[in-house]
Amino acid sequence: MIPTLNHTVLFELLKSLEASGLFIQLLMALPTTVCCAELERFLEHVSIDTSSEDVAFFLDVWREMMKHRGNPQDPLLSQFSAMAHKYLPVLDEFPRPPKRLRSEPDVCPTMPLLAMLLRGLVQIQSRILGTGRKCCALANLADMLSVFALTEDDPQEVSATVYLDKLATVISVWNSDTQNPYHQQALAEKVKEAERDVSLTSLAKLPSETIFAGLELMRALLGEWGEELQATLCSSQGTSYDSYRLCDSLTSFSQNLALYLNRASLPEEERQVASELAECVRDFLSKTSRVLKNRGSQDITASIAMAIIQQKMDRHMEMCYIFASEKKWAFSDEWIACLLSNRALFREPDLVLRLLETVLDASTTDRAVPKPQIQQVLHSVLECYADLSLPDKNKVLAGILHSWGKKGLSEKLLAYVESFPEDLNTTLNQLTQSASEQGLTKAVASVARLMIVHPEATVKKICSLAVVNLGTHKFLAQILTAFPALRFVEEQGPNSSTTFMVSCLKETVWVKFSTPKEEKQFLELLNCLMNPVKPQGIPVAALLEPDEVLKEFVLSFLMLDVEEVDLSLKIFLQTLEANACLEEYWLQACSPFPLLFSLCQLLDSFSKYWQLPKKKRRLSLQRKDLAAHILELLCEIVLANAETFSPDAWIKSLSWLHRKLEQLDWTVGLRLKTFFEGHFKCEVPATLFEICKLSEDEWTSQAHPGYGPGTGLLAWMECCCVSSSLSERMLSLLVVDVGSPEEVRLFSKGFLVALVQVMPWCSPQEWQHLHQLTRRLLEKQLLHVPYSLEYIQFVPLLNLKPFAQELQLSVLFLRTFQFLCSQSCQNWLPLEGWNHVVRLLCGSLTSLLDSVRLIQSVSPWAQGQEQDLTQEALFVYTQVFCHALHIMAMLHQEVCEPLYVLALETLTCYETLSKANPSVTSLLQKVNEQRFLKSIAENISPEGRRQTLLQKISSF
């Protein structure tokens with residue numbers, strides 16, 4: 001049970017101890033009804049035989065009531081409150097407060113208490129004597145009305161700078177006012193009290209009747225005391241805290257009252273009172289303006305801010321921001337000590353950036369800051385940075401790149417980070433030697449510090465190592481993608497639209513590869529930077545966007561005479577395939593139709609490939625297939641996303657591309673036939689209509705130079721080169737009467753002539769289409785290839801029907817090269833051109849040998865017969881060998897190596913089959929065959945090849 005108290009003794013004890021703060025703490029810990037009753041007793045006590053000490057204590061209690069914010073961390077106070085709420089509500093000895101003071105449970109308990117204190121002021125106002133007490137009473141009343149009545153429901157907190165300035169002003173006045181109780185206290189205690197003094201806030205509003213009573217009372221008191229206070233405040237005496245507080249409180253009150261009058265809907269009488277009071281306050285302040293101007297000459301702002309930080313008082317984090325930014329405070333002994341002892345508070349990205357800016361300022365201005373001090377502070381700031389989380393480190397890095405560019409801190413602080421080059425090499429060499437996902441977190445942390453010192457040097461070194469050190473590119477890419485801040489674009493410079501990452505790649509590794517493996521690692525590095533692997537525990541982000549890669553590494557290089565064109569095509573294909581599943585239609589960002597046209601231009605340059613000088617042929621004809629595949633893939637992607645264009649934009653884009661294609665070879669347009677379907681007809685030479693049944697709804701004829709009478713078959717064959725589907729379509733549209741021997745004979749001659757014209761400009765894939773087309777023509781008996789007896793000693797009594805196509809193809813290839821090597825065509829091609837056609841031929845002959853092996857092993861012709869097709873297959877091998885050597889004899893020795901290898905492979909096929917079936921031929925036949933093959937090989941030069949062939953034949 002709580003003991004009964006003698007309230008008179010209690011109030012007098014608290015008054016003598018000047019313990020107004022303790023009294024309010026105890027009072028506010030009580031249940032609301034008990035609290036009101038106890039305050040009522042206090043007011044009764046003060047209003048009877050009121051002394052000056054009673055007035056002073058009352059004003060202090062009132063002030064403390066407004067400053068009270070509770071302290072839930074005080075265990076003794078919490079325990080007292082718990083006991084009071086447990087026992088006091090059941091006691092009857094406390095009188096209940098008046099009904100008008102009872103508050104609803106959800107109303108702030110301070111409001112009725114402030115209303116009671118306002119009544120108390122009315123009761124003792126005649127006993128308030130002396131300017132100090134009167135200033136205090138008016139200041140209390142002005143603060144109560146400002147904070148608990150006139151401000152908006154959600155008032156904005158004053159900025160940290162204004163807050164610090166108010167604290168500095170209050171403490172300066174205390175320091176100059178020797179009568180103030182805080183004059184002799186330590187700075188930390190002064191700051192704590194000043195914080196409470198300038199931080200009045202309210203969670204609720206006073207009732208309207210209380211507000212009106214307060215306004216009336218203030219008007220009355222200013223009218224009664226105004227002249228006396230003005231005379232005192234305008235005297236030559238120094239500014240006391242009471243006079244300063246009165247003018248400061250009235251200034252805030254005046255501002256809030258003006259806003260209140262503008263927004264509140266008041267009865268006429270209340271508005272009249274408020275307006276008169278506003279005028280009265282303005283008049284008073286205009287006559288006492290010197291008080292607020294005389295704030296003392298001490299500049300103690302820095303000391304106050306540091307005290308708040310050291311003691312972690314209210315708004316101490318905001319003080320950290322001011323502390324980190326104020327250049328004039330920096331590098332004093334107190335500033336450095338505060339930073340070092342409170343380093344944990346500065347582990348925020350913005351604070352680290354501000355501190356770095358302060359360090360940079362000290363190192364570049366005329367301030368004589370000793371180098372050891374700058375190094376000490378910089379080391380401490382970098383340790384704060386090292387303690388940040390990875391996302392926060394990225395914020396710092398982004399800020400550094402934005403403020404100081406790609407050289408980071410090194411440009412201005414290199415003298416203070418002299419070990420950076422050595423640290424960079426050591427750290428990255430260690431990383432490449434122990435690359436593993438397990439050590440990724442540690443690796444990222446190590447690189448993070450290097451990044452802010454010199455981002456450009458760090459990224460370039462990592463890019464270089466990722467390409468040169470085989471197998472490390474994925475690990476190093478994971479490190480880079482842990483820093484999304486590297487997606488930084490310089491606002492100035494020649495490449496203002498290029499990201500920092502792209503610049504580093506271009507300047508360090510782009511087209512500087514010494515081996516194909518390095519080029520491959522570069523491709524994989526690009527892919528990892530576009531589509532990063534997400535390791536466990538480390539957030540990563542793409543540093544390259546697919547559209548950006550195409551713009552920077554592809555679009556400018558899609559020309560046959562550009563050295564980087566081959567690599568750019570590889571990047572193009574990789575980018576399309578790797579990002580095909582992205583939800584966003586990213587191609588729109590890099591203008592897909594100009595991309596399509598660039599690819600078409602590249603393909604067009606292949607149509608006059610061998611006419612170009614060697615230095616303008618940076619891409620081999622084999623890579624034409626890659627360009628065509630990319631064009632096909634790109635068309636598919638653009639068509640699949642056609643709905644992302646408006647109908648008007650889609651039609652305009654198609655029309656633009658169609659007009660552009662008119663500048664190019666007509667065969668390029670064939671590759672876009674499906675793309676333009678439904679909008680434009682396919683334009684082909686008019687002569688194609690002479691040999692094909694082409695629908696005019698789908699095809700249209702155009703006059704093309706070089707396609708005069710008799711060139712229809714040439715145009716038809718060029719169409720067949722484009723794709724297997726178009727080849728089948730053109731075959732179905734071909735008009736040749738199989739029943740007319742003369743027509744078949746003419747077609748076959750024309751086919752050979754067209755084949756000779758088309759073959760040298762065919763890519764491997766296009767030649768494969770023609771190879772398959774030729775087989776289909778032979779099957780349909782549209783193509784007649786007579787088989788001569790030039791390499792046959794005796795008429796073979798064999799069943800050659802299963803191998804008819806293979807023999808015809810071999811003869812056709814021989815006739816093609818006889819034509820190509822004739823006097824009319826021998827100057828068509830440079831040496832590289834002959835190399836190309838020989839490779840195409842060898843590819844077809846290799847396929848032919850595979851076909852012979854397959855027929856010989858599984859052909860239905862051999863089923864049910866005692867004799868298999870071994871002798872027939874041996875005969876075909878002999879013919880292919882003879883044809884290959886015949887072609888070799890017509891060509892330059894420099895281009896014959898593939899054919900020589902093929903001849904050896906043919907002999908191996910012959911030998912293998914012959915030895916596997918020794919019973920099918922007699923000894924005499926074998927000797928005759930050897931002699932015949934040797935007679936053919938005797939005509940081959942040089943000597944080395946001839947002897948190898950002869951030795952191979954002798955081993956049968």
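Because the structure is a prediction, the values reported are computed rather than measured.
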Is a salt bridge present between [X] and [Y], judged by a nitrogen-to-oxygen distance below 4.0 Å?
| X | Y | answer |
| --- | --- | --- |
| R63 | D60 | no |
| K287 | D283 | yes |
| D387 | R347 | yes |
| E40 | R119 | yes |
| E193 | R196 | yes |

Please report the interatomic distance [atom1]([X]) to [atom2]([Y]), rounded to the nearest 0.5 Å.
| X | Y | atom1 | atom2 | answer |
| --- | --- | --- | --- | --- |
| L113 | E38 | CG | CD | 11.5 Å |
| D143 | S146 | CG | OG | 6.5 Å |
| S243 | L233 | OG | CG | 5.5 Å |
| M317 | F323 | CE | CZ | 12.0 Å |
| W335 | T358 | CH2 | OG1 | 6.0 Å |
| C247 | R245 | SG | CZ | 11.5 Å |

Indicate yes or no: at least one non-hydrogen side-chain atom of [X] is less than 4.5 angstrom from one of [Y].
| X | Y | result |
| --- | --- | --- |
| L43 | F58 | yes |
| L257 | V281 | no |
| M319 | Y163 | yes |
| F331 | V359 | yes |
| T210 | L114 | no |
| W62 | L141 | yes |
| L200 | F148 | no |
| C36 | M116 | yes |

Under 3.5 Å side-chain donor-acceptor pair for [X] and [Y]:
| X | Y | result |
| --- | --- | --- |
| D54 | S51 | yes |
| Q311 | H316 | no |
| Y321 | E348 | yes |

For residues 185-192, which side-chain donor-acceptor pairs fall under 3.5 Å, sequence neighbours excluded?
residue : atom : partner : partner atom : Å
K190    : NZ   : N175    : OD1          : 2.4
K190    : NZ   : H183    : O            : 3.2

Side-chain donor-acceptor contacts of residues 129-139 below 3.5 Å, not counting sequence neighbours, with atom names and distances?
residue : atom : partner : partner atom : Å
K134    : NZ   : E228    : OE1          : 2.6
K134    : NZ   : E228    : OE2          : 3.4

Please give me the minimum heavy-atom distance between [X] and [Y], naming the atom from each residue.
| X | Y | answer |
| --- | --- | --- |
| W329 | T301 | CZ2-CG2, 3.8 Å |
| L388 | K393 | O-CE, 3.3 Å |
| L26 | F80 | O-CE2, 3.8 Å |
| A194 | V170 | CB-CG1, 4.0 Å |
| I128 | V55 | CG1-CG1, 3.8 Å |
| A485 | A398 | CB-N, 3.6 Å |

Distance flag, aromatic centroids of F11 and F57, threshold under 6.0 Å: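 Between F11 and F57, which both carry aromatic rings, the centre distance is not below 6.0 Å.
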
Audit row: V198, T169, side chain to side chain contact (heavy atoms under 4.5 Å, CB included) steps and yes/no: CA-CA 10 Å; V198 302; T169 302; over 6 Å; no

I'd like a table of donor-acceptor pairs (distance under 3.5 Å, sequence neighbours excluded) in which one partner is a side-chain atom from residues 266-280, with atom names and distances.
residue : atom : partner : partner atom : Å
R271    : NH1  : L261    : O            : 3.1
R271    : NH2  : L261    : O            : 3.3
R271    : NH2  : A264    : O            : 2.8
Q272    : NE2  : E276    : OE2          : 2.7
S275    : OG   : R271    : O            : 2.8
E276    : OE1  : R219    : NH1          : 2.5
E279    : OE1  : R282    : NH2          : 2.8

Verdict with supporting geometry, L356 and Y385, side chain to side chain contact (heavy atoms under 4.5 Å, CB included): CA-CA 10 Å; L356 288 171; Y385 169 75; over 6 Å; no

Working for side chain to side chain contact (heavy atoms under 4.5 Å, CB included), residues L250 and T288: CA-CA 11 Å; L250 285 177; T288 57; over 6 Å; no

Residues which pass side chain to side chain contact (heavy atoms under 4.5 Å, CB included) with I24, listed by chain and number, not counting sequence neighbours: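 If we apply the side chain to side chain contact (heavy atoms under 4.5 Å, CB included) test to I24, skipping adjacent residues, the hits are L27, M28, V61, E64, M65, H68.
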
S52: side chain to side chain contact (heavy atoms under 4.5 Å, CB included) partners, not counting sequence neighbours: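 Per chain and number, S52 pairs via side chain to side chain contact (heavy atoms under 4.5 Å, CB included) with no residue.
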
[X] side chain to [Y] main-chain N or O, any donor-acceptor pair under 3.5 Å?
| X | Y | value |
| --- | --- | --- |
| D392 | P349 | no |
| S363 | L360 | yes |
| D177 | V173 | no |
| S403 | I400 | no |
| N342 | L345 | no |
| R354 | A324 | no |
| N256 | S252 | yes |

Candidate pair H45 and H7, rule side chain to side chain contact (heavy atoms under 4.5 Å, CB included), full reasoning: CA-CA 9 Å; H45 174 78; H7 287 78; over 6 Å; no

Counting only heavy atoms not in [X] (residues, nucleotides, ligands), do more than 12 fall under 6.0 Å from its [atom1]?
| X | atom1 | result |
| --- | --- | --- |
| E227 | CD | no |
| K327 | NZ | yes |
| D49 | CG | no |

Residues which pass salt bridge (charged side-chain N to carboxylate O under 4.0 Å, His left out) with E12, listed by chain and number, not counting sequence neighbours: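 Applying salt bridge (charged side-chain N to carboxylate O under 4.0 Å, His left out) to E12 gives K15.
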
